[in-house]
Structures are given as C-alpha cells and as structure tokens.
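Below, chain A is the first sequence line, B the second, and so on; all start at residue 1.
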Protein chains: 2
Amino acid sequence: MRLSQLLIPTLREVPAEAEIPSHTLMLKAAMMRKLASGVYIYLPLGKRVLKKIEEIVREEMDRAGAQEVLMPAIIPAELLKESGRWDVFGPEMFKLKDRNDREFCLGPTHEEVFTDLVRNEVKSYRQLPLTIYQIQTKYRDERRPRFGVMRSREFIMKDAYSFDVDWDGLDASFDKMYDAYCRIFDRCGLKYTVVEADSGAMGGKDSKEFMVTSSVGEAVIAYCDSCGYAANEEKAECTVEHKSDEEIKPLEKIYTPDVRTIDELVSYLDVKSDKFVKTLIYTYKDKVAAVLLRGDREVNTVKLANLLKVNENDIDFADEETVRSVTGANVGFAGPIGLKGDVLLIADAEVPMMKNIIVGANETDYHLKNTNYGRDFKADVVSDIRKVVDGDKCPRCGNPLKLERGIEVGHIFKLGTKYSDALGANYIDENGNEKPMIMGCYGIGLNRIAAAAIEQNHDDKGIIWPMSIAPYHAIVVPVNVSNDAQRNLAEKIYDELSKAGIETLIDDRDLRAGVKFNDADLLGIPIRITVGKKASDNIVELKLRRDENSIELNYDEVVNKVKELIINSI
Amino acid sequence: MRLSQLLIPTLREVPAEAEIPSHTLMLKAAMMRKLASGVYIYLPLGKRVLKKIEEIVREEMDRAGAQEVLMPAIIPAELLKESGRWDVFGPEMFKLKDRNDREFCLGPTHEEVFTDLVRNEVKSYRQLPLTIYQIQTKYRDERRPRFGVMRSREFIMKDAYSFDVDWDGLDASFDKMYDAYCRIFDRCGLKYTVVEADSGAMGGKDSKEFMVTSSVGEAVIAYCDSCGYAANEEKAECTVEHKSDEEIKPLEKIYTPDVRTIDELVSYLDVKSDKFVKTLIYTYKDKVAAVLLRGDREVNTVKLANLLKVNENDIDFADEETVRSVTGANVGFAGPIGLKGDVLLIADAEVPMMKNIIVGANETDYHLKNTNYGRDFKADVVSDIRKVVDGDKCPRCGNPLKLERGIEVGHIFKLGTKYSDALGANYIDENGNEKPMIMGCYGIGLNRIAAAAIEQNHDDKGIIWPMSIAPYHAIVVPVNVSNDAQRNLAEKIYDELSKAGIETLIDDRDLRAGVKFNDADLLGIPIRITVGKKASDNIVELKLRRDENSIELNYDEVVNKVKELIINSI
C-alpha cells in the first residue's frame, strides 16, 4: 500500500483526550478516531491490527475444537428476565424498544443467548461436550468510558461457552480454553500473568483472568515471586497474623470531641492507625451490616458481597440517618458494642487477633480504648473481607506478596449450572435421566489486546508492533522521491516484497526524510527498508523498529532477509 | 470436522415460519435459527458461508483499491440531524438513549459517519480520490421482517463510500465498484442482472441495483431482451402510445348511482377499464395532489414522490374528509373538472393521449363521459407516474419489455454532493478554492447473498452450494461405521483431504446410510465421497451434489480428483 493513498492522518500533537500511551498512540498513529464518548472508528491501520488479532483468536479457538457461530447483538428482554439479569446490569446495559414496543438490550455478554440455543438444539449426552464461540460486537454503557479502547462502550469480544455433562468434563473444556488463551496471548506478543479471580456470589467455582502487566492497568494483581500464586485484588486472600501477645488491659471510655476519622484519631491520640478498629455501616437490600476492620485497612467489597450473598452494587454505605439510628450517635463514633436494631456484625479475620484496640463508643464524641474481641464484643461472622496490600503474606507459602497493575485481556470462568438451571438447559444422560449441563464461559477483548500490546511495546517515538499483529510487516522509505535511482529502487523492492506475500507499505510521499522516518517510527512497522544515497549502487538499509542500529544490504538480498525476519518473529 | 461433534441440528420437517426455499433450507440444514422476529443466530455452517462471502467481498474491495475501516453501529443523533435524516427514517430506525440521556441510533446505513470522518481528516485534493468501506452489522426495524435473512432486522452489510474531486472522478470510482461488484457476484456463483434504479428526489445522478433473478424476489425488474435495457419497477420509464385518432365527442354527465370503483364502472357501463381515467387524491406534507391515471394503471409512488420532491413515505391517500372537501362529493366520484381549493393536478403522460374518456364528476353518483384533455380540463403537470407493466414498450428500443422478480443483493449510487453539502465535507483544490467532495455509495448485503445463492441453487433434497461459498468442499460418508474397512478407509481419506487443505466433513455418526445421504444432500456439500462395500478393495464413490451420477475411484486418486474439482469450479 502506498502512503500517498492510504487514509493515514497521523497527528503531531498529543491529543488532549488521551491519558495513557496506547490511547495517545492509537490516535497519533491514525489507528482510530473517537465518534462519541467510548465509541471509536477504526481507520485502515487499526482495522488491520484488529483483523490480525481476530484471526489469531479464531485459529486458536478452532484448534481447541470450539465451533464458531454468530449471535445477534440485539437480545430480547425475555431471555435476560429469565436468567434474572435484566435488572442486575442496571444502567450499564443499553436498552431499546422496537416499533412494536418490544424490549431488547444490546448484549453486554451472551450467556443467555448461547444457553437458549443449546437448550433448544442439544438434548442428549451424545451431543456433548460442546464449545461454541463468536467474535462479535458487545455494548456496555460504562459510567466512565476512558483510556480509549481500554474501556469503551462498543467493543469486539470473542466469547465462548462450553457445555458438559459433568464437572470433570467442564474441567477438561476449561483447560483446553486455558491453553488456547495462553497460545493467543503468546502469539500476540504479550507478557501476561494468569491470576485467580473472583467467581461471584452466584455460583461458579473457578475463575481466572489473563492480565497484561502494565502501569496503566485498571486492575491490581497480587502475586508471589516464590510460589507463583497470583490473584486479582478482589480475589487475593489475606492472611492473618498470630494473635498479639500483649496483655489485656481494662476497657476505658475516652472523650474524643469531634474526632471522627481514623486520621483525626491518630493525630488526636498519637497512636498508630493499626491500633484502631473502624466500624463501617453498610446497607444491602434493606438490611444493615456493620463491618469491623483494622484502622489502616480497606474493605474489599467483592468479598463483602460474596459473604452477604448479594451483588456488589447492592451494597452501599448507610446514610446519616441509618448510622444515627443503629449507633445512637453522630457519624464518626460507630463501634461494635451496643449497636441497636437488626445489624449483622461482621469482623475482618484480623480483628479477633488484635488486643487493646480503640473503637467508636456508639456515643457522640466518645471512643473506647483497650477493647478486646471475646471479652467486650463478638461478631456474627468473622471472615476475610479486606483488601490485600503490598507485603502481605502469600496465602500459599507465606512469603511477601507484591502488588502490580494489570490490564485484563481475558477471563475464563467455570459457570457451573447458574444459567442451565435458570433457563432449563438440560440433557438426557445414558440412563435416561434429565440433568443440567455444566457450563463454562471464556471471554477475550480484541480491541483491548491491541491497546495492551501498545502499552507493552512502545517508546517515545511511537508504537513497536509485535510482528504477528503489526498492520504491515515492512515499510519501504525512499529518502528522496525526486531522485530517480532512489524512487525506482524503492518501487522495485516494494513490488518484490508485495509479490512475495509480505505486507508492505511504501512511503512514496514527497516529504522530508525526517518526517517520513518519524511517521514510520510512529506507526511501528517492524521492518524499515531505507533507500537513500547508495541506491545507485543497489545498497539499501534495513532497520528493525525495535533496534537502534541498521544494516546495509544489497538490493537482491532484501526479500529473503525480510522473509527470514518475519518467520523468526511470528 | 466430524459430524458427530458439529453443532448441526438438521430438521426433517419444513418449519412453519418459512415461506421460501432459502428460508426453509437455511433452517433445515441447520445454518441458522431465529432468535426474534427478523433476528437470527448463525450456526457453524451458516457462519462459515458468511465468512466465505465476506472474504470474497473483502478481496474484491481491496483489489479495487478501497480501504477497510470499521465504524461503530451506534451513531450519535447529532450526525443524522445534521444531514436531516434523523426524522426521515421513521420507525425503521432503532433509536436508543445512553445513561446520560444522549440520543443514538443503531446505524441503518453509514453515509453520515463516513462523511463526518472524511470532512475531519481529508482537507486537500492531494488526499483524493478515496474509497473506504466496512463490513459491519446494520439495523433496520422493518415493518414486516420476512423470508428469513432476506429481510431481517440485523444483518451484515459491506458499505463503501467514495470521495472525489469532481464528477469525472466519481464516474471512475463508480465504475471500479461496478466491476468489483460483478466479480463478487460472479465468484459467489450468482446469476444476476444490473438494473437502473431510482436515485431519489434529493439528488444523485446514477443508481444501479444488482438483482438476482428469482421467483421469490421482492423486487420487480423490467427488462428488454432486444437492447439490454433493464430497470427496477420504480425506475422503469413508461412510454406513451400515440394520440388516439378517435373523433372527439360531446361531454355527457351520466348517472352512476353507488358506482365508485373502476371495476364497478366497468361492469355498470360495460366499457373496458382503459377507457376510464381515475382521479386519486393524495396528501403530502399538508398539501393535496390529484393524480389522473388510466383506469387499468397503477401509480408508481416513487415517481410521484420524485415529482413532488418529497420522500415516498411523506405521501399518503387523502382521508374521506379531505376527498369530500376537494371534490364536493362522496369518495368514488373524484374527477379532474371542478376540484376545489389548492389541489395540484397531475396527469400521467398517457392521459393527454386518450380521447373521450370517462372520469368522476366531482358530484356524488355521477361520472362524466367523453371528457377530453385540453378541451375539458388541463393538468398542472403531465409526467410519467405509472407503474410499468409486462409488454410495455422499451423506452430505448421500443420492443416489448418483460417483467421478472429479483432479489436485490447490491446497490451502487452516485450520491453527488448530498451529504458533503449537508455536512460540509469540502476539500481545497489546486487553486486554493474550497469545494464539496463528490460522493458515491456502494452496498452489498452479505446474508442476502447467501440466501439468494440458495434460491438459485437448490433442489427438493436440499442446497447445492457453489464451491466458492460452500461451508465445506467435501463430505466423506462411510456407509457403515461398524465395518472396520469402511470406517478406516473413510478416516484415512478424511485425514488426507484435510491435510491437503481441503475443507472436509466426515459423517462418522452411527446412523443408517439413507439418513446420512439425506443430510449430505440437505447440507449441499459440493463433493461427496462414499465409502461402502468396495472399501476392502480401496474403491470409493465420488459424487457431485449437482450431478445425478457418481464415479468409482481408487482411494489414492481421491485427493487429486477433489483438488481438481475445486480448482475448476472456483
């Protein structure tokens, strides 16, 4: 393709809307443009990258024995009402009505449609196992679309669903997908970590996320260098220290006028925050829970939701009025002793191990000192509900965990019978008994792979594409197109590379060499062939985008050298 | 792929919902299933066919120099309001709002989005010409979805848009697309006719449709065997007979009590319907028009809309009250003489050529006899506004036209400056002047190609796929899988064909041979290799789906023979 003809409006300036490198570079390198918040147009280069990722995903899905289908994006409300998810998604799901006032949504995911298809078409154990997938456009009306295609409202997903006769079958299907995902991300040139993820309150027994480590990732990963344990922040188990051997002291009530927050207490009492236990009042589905947590810890709302057997978005901080009615005090003085009404008291697993702690007194302007679990109060439930922190002990081997940020590019999940029960997707087994199918689901965000690849492969000049997903393999740059020798040799090389099946660009624009080199670097084409002054001697320069140095080659060596480079790097 | 593992729930019965062969066969052959009215799931075989069509379309677009992009399906309302089409589409367009109450539609087509992109990114004549395309999902909330994927509400379209500096440039871009379309339909194995189509009241100078002739087509084509003229029903020009040489007679008022329709008049007066002129009262945008037309003719509302410079759906029959007020009579007695109020009187071009005609008297229970154009009344406009009929004279050569039904699979259109004017898509020419880009648009329905191919290629046993878009090239059928020799030889052939890159199915199911042959015929796989009793002598049978007879082959000839058959038929 000729750059003079390609729709490639590269930008010199960093676009104001972009906050992270991949977003900036996808705009600057003319891969995409924004049409509306979280809604993007893919220009020719961006579309080529997406298509390459799509082909890798398809090949690996097919190789794993999955069968490709295509579902509609508009889904009748009835199906999501049957599974109970019509209301669960909330404003994140785009809803619409057709001309006959029938309700639809734009599928944020397709569990119901696949389950519906399979319950209609698969009746016997003989037809199982079955894994089907699609590469299709999904819609999520994100509250805060950002980071370009990292979190967009219309995006392309590969979603696969497996149907098995039993849990062992699911394990096998799951493992096949796990392997396929590894091959996909390897082939896309990504460095990734597989982490344990939360499988939700509603069922499912195993859930893993594929995380591309990146400082701009929205997710946090906890991992252990010693034993290899890795989990996302929501899932990461927190270990508990041994019980403090401090001597138990007598309970004291202390006057703490207008001192409400842990920070205020720390400075008012001059005691470290880990000597406090905070009492957080939550509401969930018209009920109230009080959560006890060491002063320097944060609540992991996913763990809390799982414990309460509700969805995360069913949980909210209690309003002032509720706090007053259960504590009998102003906000800021809640504590575990003497809560009024029907309040579920939950203690993080650390709390019973602490001694002589400071808590709110449930009385305005007072706290209690030297409170002790067991002697002064007991919780209804003791459970791990805090967020992991850097240096926490690994739940497997006890060595310190590290935290890192990551971009979630894939998620595989043992659903179990959640949807087959809800929709009645049953099969008849060998003995004529009806049983629910055991399901798994497996998702990959295609656009996000492109962005993640850029996050991991760029420098201050631009993108450095992995060969496998580069929009073109090579770019031929005649330094001066007005020079006949240069132009002719460049055209000849372009022609021969193209004929050899190598995806090649030629920068035939009448621009200064510096501008052309800058564009080539920005676009991130892996191999650059520069045709300059030595063109008259048939000598050209070959440079890899990822390397500093270039080599000189005789013109007739170019095609073989480029072929070799491509084969060695895919 | 093994049929024992493939998700291929073929049906024995004709599904009640299906009215035409392609719809029936796509359901029976397990290519697709309905999720909602006009909304379909593509099963593995259907998806494969779509993908093959997609690849052919992409290759030919790329070969024609078009560049692939990808647009969102959700389009901000502002863009369609800018072009004026937000209200034009009416209920056919799915509309929705996001969580911030911002309006979007699901794109029924993408002129505005492409024009918006190009006005933002292309500034100079140096960047033109440019043709960009996408293969993407479109949404149209059809009033009456039917015929399966022939008229569905979610479908895949290739839409391309060209941008040129002048009309000559547009002609060249248009011709390239014309040629690409011919190659696409040729490669898909379709027999098609290119017809002239209406280009609308709003501009555009040339519009052609690619029609697959088929008795189930929703469109009507008029064509001339002598000179090659072909147009769709809306566009087909009607010629006018010479003026009748009948002697003019004196006007008479006749009593026709309760005789309102042409049929009633014909039988009451015992005169042929072509001696009458009917007067049809229409409303359009708060105005009234009366249309005069020979009694046996029908109004072509597209021609009428173009004449009135409105959209077709702006026109409606006047209600009873309006008819009464403009005619002063009950419905059924309208005529050209003495209409009251501001009524535009339009005569079809035939009317002035007729003599001594019968018309309504604008008086309840009366008609006028021996009315003559010129002597008794004159129209404000005389124009061709009737529908073509079989046997009409060809507007080019005068020989009789024939009518045939067709399925529209492609449409190419010289838009001109309609959208570039509305959205301000201008470029700077060589002299520094700002000019509007000259646009064309080019659409192909991918799903409809699949259905049209089935309409043209099937028999009472099932589909007969053209090789180029068949889901698989060959199917190996061991007659009896319990027989070791048969099963082993079949597996060997399956293996070798697959390794040779031939897309092969093997029917490894333990079913009766008859069932397997029926399924193979239903699926329409072009080449069938039957491994039966002579397996022990390494002899197998090769049969083409489109032929009656089979040939015997030695096992080791199979791969080469199959390869040869494929190469010769793609």
Asks: Using non-hydrogen atoms only, which part of B:R99 is less than 4.5 Å away from chain A: side chain, backbone, both, or neither?
Replies: both
Asks: Once rounded to the nearest 0.5 Å, what's the spacing between atom CZ of B:R509 and atom CZ of A:R126?
Replies: 12.5 Å
Asks: Flag the one option from A:L43, A:T137, A:N100, A:L128 with the top tally of heavy-atom pairs under 4.5 Å to chain B.
Replies: A:L43
Asks: Quick check for you: to the nearest 0.5 Å, what is the distance between B:E68 atom CD and A:L50 atom CG?
Replies: 10.0 Å
Asks: Is B:L45 close to chain A through its backbone or its side chain, or both, or neither, when contacts mean heavy atoms under 4.5 Å?
Replies: neither
Asks: Would you compute the distance between atom CG of B:L96 and atom NZ of A:K97 and round it to the nearest 0.5 angstrom?
Replies: 13.0 Å
Asks: How many angstroms lie between CD1 in B:I135 and NZ in A:K51, if you round to the nearest 0.5 Å?
Replies: 8.0 Å
Asks: For A:R102, does the CZ atom sit with more than 12 other heavy atoms under 6.0 Å from it, leaving out its own atoms?
Replies: yes
Asks: Is the number of heavy atoms from other residues, nucleotides or ligands within 6.0 Å of NZ (A:K28) greater than 12?
Replies: yes
Asks: Below 4.5 Å from any heavy atom of chain B, which atoms of A:I41 appear? Answer side chain, backbone, both or neither.
Replies: both
Asks: Rounded to the nearest 0.5 Å, what separates atom CD in B:E154 from atom CZ in A:F104?
Replies: 10.0 Å
Asks: Please classify the contact between B:Q134 and chain A as side chain, backbone, both or neither, with a heavy-atom cut-off of under 4.5 Å.
Replies: neither
Asks: Just give me the residue among A:Q136, A:R58, A:Q5, A:K95 that pairs up with chain B most often, heavy atom to heavy atom, under 4.5 Å.
Replies: A:R58
Asks: Heavy-atom pairs under 4.5 Å with chain A - which of B:V39, B:L79, B:D98 has more of them than the others?
Replies: B:D98
Asks: Using non-hydrogen atoms and a 4.5 Å limit, figure out which bit of B:R143 sits close to chain A: side chain, backbone, both or neither.
Replies: both
Asks: Do you know which of B:P72, B:P129, B:P91, B:P9 has the most heavy-atom pairs with chain A at a distance under 4.5 angstrom?
Replies: B:P72
Asks: Quick one: which of B:P76, B:A36, B:A73, B:S37 has the most heavy-atom pairs under 4.5 Å with chain A, could you say?
Replies: B:A73
Asks: Could you check if a side-chain atom of A:L35 sits within less than 4.5 angstrom of a side-chain atom of B:V113, using non-hydrogen atoms only?
Replies: yes
Asks: Rounded at 0.5 Å granularity, tell me how far CG in A:D141 sits from CD1 in B:I74.
Replies: 7.5 Å
Asks: Hey, does B:V118 have a side-chain heavy atom less than 4.5 Å from the side chain of A:L7?
Replies: no
Asks: Please look at A:D116 and chain B and tell me whether the side chain, the backbone, both or neither of the residue comes under 4.5 angstrom of a heavy atom of that chain.
Replies: side chain
Asks: Side chain, backbone, both or neither: which part of B:Y139 has an atom under 4.5 Å from a heavy atom of chain A?
Replies: side chain
Asks: Who are the salt bridge (charged side-chain N to carboxylate O under 4.0 Å, His left out) partners of A:R144, not counting sequence neighbours?
Replies: none
Asks: Between A:Q127, A:K47, A:M32, who has the most heavy-atom pairs with chain B when the cutoff is under 4.5 Å?
Replies: A:K47
Asks: Let me know if A:I8 has heavy atoms under 4.5 Å from chain B in its side chain, its backbone, both or neither.
Replies: neither
Asks: If you take all heavy atoms of B:V69 and A:Y42, which pair is closest and at what distance?
Replies: CB-O, 3.1 Å
